[in-house]
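Reading through the C-alpha coordinates given below for one structure.
Because the structure is a prediction, the values reported are computed rather than measured. Every chain is numbered from 1 and lettered A, B, ... according to where its sequence line falls, protein lines coming before strand lines.
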Amino acid sequence: MDVKQRALEIIKIFDEIYPDAGCSLTYEDPLQLLIATQLSAQCTDERVNQVTPDLFRKYKNAHDFANADVRELEQDIKPTGFFRNKARNIIGCCRMIVEQFGGKVPDNMEDLLKLPGVGRKTANLVLGDIFGVPGIVVDTHVGRLSRRMGFTRHDDPVKVEFDLMKILPREKWTRFCHQMIYHGRKYCKARKPDCSACPVKSLCDYGKDK
DNA sequence: CTCCCGATAT
DNA sequence: ATATCAGGAG
(Lines give C-alpha, C1' and ligand atoms only; values in the text may rest on other atoms or scores of the structure.)
Protein backbone atom coordinates (compact mmCIF):
# COMPACT_ATOMS: atom_id res chain seq x y z
CA MET A 1 0.00 0.00 0.00
CA ASP A 2 1.11 3.56 -0.78
CA VAL A 3 2.41 5.44 2.26
CA LYS A 4 -0.14 8.24 1.89
CA GLN A 5 -2.95 5.70 1.64
CA ARG A 6 -1.61 3.92 4.72
CA ALA A 7 -1.45 7.23 6.64
CA LEU A 8 -5.10 7.90 5.81
CA GLU A 9 -6.09 4.45 7.06
CA ILE A 10 -4.21 5.08 10.31
CA ILE A 11 -5.93 8.45 10.69
CA LYS A 12 -9.29 6.77 10.19
CA ILE A 13 -8.57 4.45 13.12
CA PHE A 14 -7.10 7.28 15.23
CA ASP A 15 -10.30 9.28 14.70
CA GLU A 16 -12.26 6.39 16.17
CA ILE A 17 -10.07 5.62 19.17
CA TYR A 18 -8.82 9.16 19.92
CA PRO A 19 -11.85 11.28 18.97
CA ASP A 20 -11.01 14.00 21.49
CA ALA A 21 -7.26 14.14 20.89
CA GLY A 22 -6.00 17.56 21.81
CA CYS A 23 -3.39 19.31 23.87
CA SER A 24 -3.03 17.78 27.34
CA LEU A 25 -1.61 20.94 28.85
CA THR A 26 -3.99 23.07 30.87
CA TYR A 27 -4.13 26.73 29.81
CA GLU A 28 -6.55 29.61 29.52
CA ASP A 29 -4.90 31.94 27.00
CA PRO A 30 -2.16 31.97 24.31
CA LEU A 31 0.58 33.05 26.70
CA GLN A 32 -0.23 30.25 29.13
CA LEU A 33 0.00 27.68 26.35
CA LEU A 34 3.30 29.15 25.17
CA ILE A 35 4.80 28.95 28.66
CA ALA A 36 3.33 25.54 29.48
CA THR A 37 4.82 24.21 26.25
CA GLN A 38 8.24 25.60 27.09
CA LEU A 39 8.00 23.94 30.50
CA SER A 40 7.08 20.62 28.87
CA ALA A 41 10.53 20.09 27.34
CA GLN A 42 11.83 16.73 28.58
CA CYS A 43 9.04 16.57 31.15
CA THR A 44 5.62 14.95 31.23
CA ASP A 45 2.54 17.12 30.65
CA GLU A 46 1.18 15.76 33.89
CA ARG A 47 4.02 17.33 35.84
CA VAL A 48 3.68 20.62 33.99
CA ASN A 49 0.00 20.68 34.90
CA GLN A 50 0.91 20.28 38.56
CA VAL A 51 3.03 23.42 38.43
CA THR A 52 1.08 25.77 36.18
CA PRO A 53 -2.06 26.48 38.24
CA ASP A 54 -0.06 28.15 41.01
CA LEU A 55 2.28 29.68 38.46
CA PHE A 56 -0.47 31.36 36.47
CA ARG A 57 -2.16 32.55 39.64
CA LYS A 58 1.09 34.26 40.61
CA TYR A 59 2.05 35.64 37.18
CA LYS A 60 -1.06 36.74 35.30
CA ASN A 61 0.35 38.14 32.05
CA ALA A 62 3.48 38.76 29.98
CA HIS A 63 4.23 41.89 32.01
CA ASP A 64 4.27 39.90 35.27
CA PHE A 65 6.64 37.29 33.84
CA ALA A 66 8.81 39.99 32.24
CA ASN A 67 9.37 41.54 35.65
CA ALA A 68 9.76 38.29 37.57
CA ASP A 69 12.79 37.58 39.72
CA VAL A 70 14.78 34.86 37.97
CA ARG A 71 15.67 32.95 41.12
CA GLU A 72 12.12 33.05 42.36
CA LEU A 73 10.75 31.86 39.01
CA GLU A 74 13.33 29.05 38.99
CA GLN A 75 11.91 27.76 42.25
CA ASP A 76 8.35 28.11 40.96
CA ILE A 77 9.04 25.80 38.00
CA LYS A 78 11.73 23.57 39.49
CA PRO A 79 9.90 20.21 39.26
CA THR A 80 9.76 20.49 35.46
CA GLY A 81 13.54 20.20 35.13
CA PHE A 82 15.95 22.42 33.14
CA PHE A 83 14.62 25.10 35.45
CA ARG A 84 17.45 27.61 35.01
CA ASN A 85 17.19 27.63 31.22
CA LYS A 86 13.41 27.61 31.31
CA ALA A 87 13.15 30.48 33.79
CA ARG A 88 15.59 32.59 31.79
CA ASN A 89 13.79 31.80 28.55
CA ILE A 90 10.33 32.57 29.92
CA ILE A 91 11.43 35.96 31.23
CA GLY A 92 13.27 36.80 27.98
CA CYS A 93 10.30 35.59 26.02
CA CYS A 94 7.83 37.77 27.89
CA ARG A 95 10.09 40.82 27.74
CA MET A 96 10.20 40.48 23.97
CA ILE A 97 6.44 39.98 23.82
CA VAL A 98 5.91 43.14 25.88
CA GLU A 99 8.53 45.26 24.09
CA GLN A 100 8.19 44.10 20.50
CA PHE A 101 4.82 42.41 20.10
CA GLY A 102 2.47 44.67 22.03
CA GLY A 103 2.03 42.21 24.90
CA LYS A 104 0.52 39.56 22.64
CA VAL A 105 1.83 36.17 21.55
CA PRO A 106 2.88 36.43 17.87
CA ASP A 107 0.59 34.65 15.39
CA ASN A 108 3.23 33.65 12.84
CA MET A 109 6.19 31.28 12.68
CA GLU A 110 8.82 33.92 11.92
CA ASP A 111 8.06 36.02 14.99
CA LEU A 112 7.48 33.05 17.29
CA LEU A 113 10.95 31.72 16.45
CA LYS A 114 12.48 35.03 17.55
CA LEU A 115 11.37 34.30 21.11
CA PRO A 116 14.06 32.74 23.32
CA GLY A 117 13.35 29.10 24.09
CA VAL A 118 10.82 28.76 21.26
CA GLY A 119 11.70 26.35 18.44
CA ARG A 120 9.62 24.86 15.66
CA LYS A 121 7.88 22.35 17.91
CA THR A 122 6.59 24.99 20.31
CA ALA A 123 5.80 27.42 17.49
CA ASN A 124 3.82 24.84 15.52
CA LEU A 125 1.84 23.86 18.61
CA VAL A 126 0.86 27.46 19.35
CA LEU A 127 0.05 28.13 15.70
CA GLY A 128 -2.14 25.04 15.51
CA ASP A 129 -3.94 25.17 18.84
CA ILE A 130 -4.33 28.94 19.22
CA PHE A 131 -4.40 30.40 15.72
CA GLY A 132 -5.74 27.46 13.70
CA VAL A 133 -2.71 27.37 11.40
CA PRO A 134 -1.87 23.77 10.41
CA GLY A 135 1.58 22.67 11.53
CA ILE A 136 3.44 19.43 12.19
CA VAL A 137 4.40 19.32 15.86
CA VAL A 138 7.44 17.06 16.05
CA ASP A 139 8.23 16.13 19.62
CA THR A 140 9.86 12.98 20.94
CA HIS A 141 6.65 10.95 20.45
CA VAL A 142 5.87 12.11 16.91
CA GLY A 143 9.46 11.48 15.87
CA ARG A 144 9.57 7.99 17.38
CA LEU A 145 6.18 6.88 16.00
CA SER A 146 6.88 8.34 12.57
CA ARG A 147 10.04 6.28 12.34
CA ARG A 148 8.37 3.11 13.60
CA MET A 149 5.45 3.56 11.20
CA GLY A 150 7.79 4.15 8.28
CA PHE A 151 6.78 7.77 7.61
CA THR A 152 10.40 8.89 7.87
CA ARG A 153 13.84 7.45 8.45
CA HIS A 154 15.27 10.68 9.87
CA ASP A 155 16.10 11.59 13.46
CA ASP A 156 16.28 15.31 12.76
CA PRO A 157 12.87 16.77 13.83
CA VAL A 158 12.86 19.26 10.96
CA LYS A 159 13.33 16.48 8.41
CA VAL A 160 10.58 14.47 10.12
CA GLU A 161 8.35 17.54 9.92
CA PHE A 162 8.88 17.93 6.18
CA ASP A 163 8.46 14.20 5.50
CA LEU A 164 5.11 14.24 7.32
CA MET A 165 4.00 17.35 5.44
CA LYS A 166 4.46 15.45 2.17
CA ILE A 167 2.48 12.45 3.40
CA LEU A 168 -0.43 14.03 5.31
CA PRO A 169 -3.26 16.28 4.13
CA ARG A 170 -2.66 19.80 5.44
CA GLU A 171 -5.92 20.00 7.39
CA LYS A 172 -4.95 16.88 9.37
CA TRP A 173 -1.54 18.09 10.54
CA THR A 174 -2.25 19.49 13.98
CA ARG A 175 -4.81 16.88 15.03
CA PHE A 176 -2.70 14.00 13.72
CA CYS A 177 0.22 15.03 15.94
CA HIS A 178 -2.01 15.13 18.99
CA GLN A 179 -3.28 11.66 18.10
CA MET A 180 0.26 10.36 17.61
CA ILE A 181 1.14 11.59 21.10
CA TYR A 182 -1.92 9.88 22.61
CA HIS A 183 -0.98 6.71 20.75
CA GLY A 184 2.64 7.02 21.85
CA ARG A 185 1.61 7.26 25.48
CA LYS A 186 -0.86 4.37 25.35
CA TYR A 187 0.65 1.76 22.99
CA CYS A 188 3.71 2.88 21.06
CA LYS A 189 5.76 3.65 24.14
CA ALA A 190 9.47 4.36 23.94
CA ARG A 191 10.47 1.55 26.29
CA LYS A 192 7.96 -1.25 26.12
CA PRO A 193 5.73 -0.77 23.08
CA ASP A 194 2.56 -2.86 23.29
CA CYS A 195 2.44 -3.90 19.64
CA SER A 196 0.23 -6.93 20.26
CA ALA A 197 -2.59 -4.71 21.50
CA CYS A 198 -1.96 -1.87 19.01
CA PRO A 199 -5.07 -0.90 17.01
CA VAL A 200 -2.99 -0.03 13.93
CA LYS A 201 -0.65 -3.01 14.00
CA SER A 202 -1.98 -4.25 10.64
CA LEU A 203 -0.83 -0.96 9.10
CA CYS A 204 2.63 -0.93 10.70
CA ASP A 205 5.63 -3.20 10.24
CA TYR A 206 7.36 -2.27 13.48
CA GLY A 207 6.36 -5.16 15.75
CA LYS A 208 6.03 -7.74 13.01
CA ASP A 209 8.48 -10.27 14.48
CA LYS A 210 6.64 -11.23 17.65
C1' DC B 1 27.85 17.39 19.26
C1' DT B 2 26.95 18.77 24.35
C1' DC B 3 24.53 20.83 27.97
C1' DC B 4 20.60 21.82 30.67
C1' DC B 5 17.88 18.75 35.00
C1' DG B 6 13.93 16.84 38.16
C1' DA B 7 10.92 12.84 38.57
C1' DT B 8 9.34 8.38 37.42
C1' DA B 9 9.32 3.64 35.13
C1' DT B 10 11.90 -0.32 34.24
C1' DA C 1 21.64 1.94 37.44
C1' DT C 2 19.59 3.62 33.32
C1' DA C 3 16.21 5.37 30.00
C1' DT C 4 12.75 8.59 29.23
C1' DC C 5 9.63 12.47 29.51
C1' DA C 6 4.83 17.11 24.21
C1' DG C 7 13.10 20.72 23.28
C1' DG C 8 16.10 24.38 22.48
C1' DA C 9 20.52 26.84 22.48
C1' DG C 10 25.56 27.22 22.09
Side-chain angles (χ1 to χ4, degrees), chain A residues 14 18 20-27 30-52 54-55 70-97 105-106 109-130 133-149 151-152 154-162 164 172-195:
Chain A
F14 279 175
Y18 311 122
D20 55 351
C23 188
S24 312
L25 297 165
T26 54
Y27 64 95
L31 184 71
Q32 290 188 358
L33 176 61
L34 181 68
I35 290 171
T37 306
Q38 287 186 275
L39 291 177
S40 73
Q42 295 296 294
C43 173
T44 60
D45 282 13
E46 195 181 344
R47 183 154 306 284
V48 174
N49 289 337
Q50 288 173 0
V51 167
T52 46
D54 284 340
L55 188 69
V70 193
R71 296 307 174 90
E72 194 175 334
L73 183 56
E74 285 177 3
Q75 295 309 309
D76 292 332
I77 64 172
K78 196 158 196 173
T80 66
F82 297 162
F83 57 90
R84 277 186 277 268
N85 283 341
K86 287 175 181 175
R88 180 159 32 83
N89 285 336
I90 287 168
I91 291 174
C93 210
C94 288
R95 284 184 180 161
M96 192 176 285
I97 286 173
V105 175
M109 175 66 78
E110 189 186 348
D111 286 340
L112 282 167
L113 292 179
K114 291 177 185 169
L115 300 171
V118 176
R120 296 189 65 85
K121 181 260 169 179
T122 303
N124 272 322
L125 182 66
V126 170
L127 286 173
D129 281 357
I130 300 293
V133 180
I136 303 282
V137 181
V138 182
D139 67 342
T140 176
H141 291 295
V142 172
R144 181 180 71 251
L145 270 66
S146 295
R147 285 185 289 279
R148 288 180 177 173
M149 291 178 176
F151 294 149
T152 184
H154 291 113
D155 287 320
D156 177 4
V158 179
K159 291 180 179 173
V160 176
E161 182 182 336
F162 282 89
L164 288 178
K172 304 281 188 183
W173 289 356
T174 301
R175 180 172 168 77
F176 178 75
C177 290
H178 286 310
Q179 290 172 325
M180 288 282 266
I181 288 153
Y182 271 56
H183 192 66
R185 287 202 275 248
K186 189 163 184 183
Y187 299 102
C188 202
K189 295 175 284 189
R191 293 226 190 169
K192 220 179 69 181
D194 193 1
C195 293

**Study point:** Heavy-atom check, side chain of A/Val137 versus side chain of A/Thr122, under 4.5 Å
**Key:** no

Check your understanding: According to the side chain to side chain donor-acceptor pair (under 3.5 Å) rule, which pairs have a member within residues 86-95 of chain A, sequence neighbours left out?
Key -> A/Asn85-A/Arg88

Review point. What interatomic distance, in whole Å, is found between C1' of B/dT2 and the corresponding atom of C/dA6?
Key: 22 Å

Exercise for review: Do nucleotides 4-10 of chain C as a string where each nucleotide becomes B, S or -: B if the base has a protein heavy atom under 4.0 Å, S if just the sugar-phosphate does, - if no protein is that close.
Suggested key: SBBBSS-

Review point. Which residues pass the ring-ring contact (aromatic ring centres under 6.0 Å, His included) test with A/Phe14, sequence neighbours left out?
Key: A/Tyr18, A/His183

Check your understanding: Would you call A/Lys186-A/Asp194 a salt bridge at under 4.0 Å N-O?
Key -> no

Point to revise | Donor-acceptor side-chain pairing of A/Ser40 and A/Asp45 below 3.5 angstrom | key: no

**Study point:** Atom C1', compared across B/dC5 and C/dT2: separation rounded to whole Å
**Key:** 15 Å

Practice item. Test A/Leu33 against every option in A/Ile35, A/Leu31, A/Thr37 by the side-chain contact (heavy atoms from CB on, under 4.5 Å) rule and name the one that passes. Key: A/Thr37

Revision key, fill the gap. Footprint ends on DNA chain B, 5' to 3', for atoms under 4.0 angstrom from a heavy atom of chain A, come out as B/dC4 to B/dT10

Review point. What integer number of Å spans the C1' atoms of C/dG8 and B/dT8?
Key: 23 Å

Exercise for review: Identify, between A/Gln50 and A/Gly81, the residue whose nearest nucleotide on DNA chain B lies closer to the 5' end.
Suggested key: A/Gly81

Review point. With sequence neighbours left out, what residues match A/Ser24 under side chain to side chain donor-acceptor pair (under 3.5 Å)?
Key: A/Arg185

Revision key, fill the gap. Taken in chain and number order and not counting sequence neighbours, the residues that satisfy side chain to side chain donor-acceptor pair (under 3.5 Å) with A/Asp156 are none

